[in-house]
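Values reported hereafter were calculated over all heavy atoms of this structure, with side chains retained and with hydrogens, waters and symmetry mates removed. Here the structure is a predicted model, which is why all the values come from computation and not from measurement.
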Amino acid sequence: MTAQPVAHPALPVVPERGGTQLRAPKPVIVVDTREQNPFSFARFQGWFAGVKKKPLALGDYSVSVSKTSALSSART
């Protein structure tokens, strides 16, 4: 099975507050440097501002937007 590029949503989600559209920055994917077989985010080109590698205290992957982040751990 070959991974195909993932298309952007047909109808983008546009956040609004009080009738004013908000611009949300693209997130940065953070991959733990100790991850032995990292997931390739190449097929999500244009979805993220970039992919960084750095040691994470918890989890294997993190999504960072400005000062907030979320983490994910991939265990098989």
Side-chain angles (χ1 to χ4, degrees):
M1 178 162 79
T2 304
Q4 298 296 318
V6 177
H8 288 275
L11 299 172
V13 177
V14 180
E16 291 186 12
R17 178 181 289 162
T20 303
Q21 291 184 0
L22 304 174
R23 292 239 176 220
K26 289 184 178 180
V28 174
I29 300 295
V30 182
V31 180
D32 191 349
T33 54
R34 297 171 295 249
E35 181 65 20
Q36 295 178 2
N37 189 16
F39 181 78
S40 171
F41 292 92
R43 66 185 188 153
F44 296 99
Q45 189 174 18
W47 286 55
F48 304 107
V51 178
K52 285 185 180 178
K53 288 189 173 191
K54 72 178 200 178
L56 296 173
L58 184 64
D60 300 321
Y61 301 92
S62 179
V63 179
S64 177
V65 179
S66 62
K67 295 184 180 182
T68 62
S69 64
L71 63 93
S72 174
S73 180
R75 299 287 181 233
T76 56

Practice item. Let me see the working for V63 and I29 under side-chain contact (heavy atoms from CB on, under 4.5 Å), right down to the final yes or no. Key: CA-CA 5 Å; V63 179; I29 300 295; 3.9 Å; yes
**Study point:** Minimum-distance pair of heavy atoms, taken over all atoms of D32 and P55
**Key:** OD1-CA, 3.6 Å
Exercise for review: Answer yes if Y61 and W47 sit in the same cluster of Ile, Leu, Val, Met, Phe, Trp and Tyr residues linked by side chain heavy atoms under 4.5 Å apart, and no otherwise.
Suggested key: yes
Exercise for review: Report the residues that fulfil side-chain contact (heavy atoms from CB on, under 4.5 Å) with K53, sequence neighbours left out, ordered by chain and then residue number.
Suggested key: V31, T33, P38
Study note, to complete from the structure: The remaining residues in the hydrophobic cluster of V30, counting side-chain heavy-atom contacts under 4.5 Å among Ile, Leu, Val, Met, Phe, Trp and Tyr, are L56
Review point. Can you list every pair that meets ring pair (Phe, Tyr, Trp, His ring centres under 6.0 Å) and has a residue in residues 19-40, with sequence neighbours left out?
Key: F39-F41
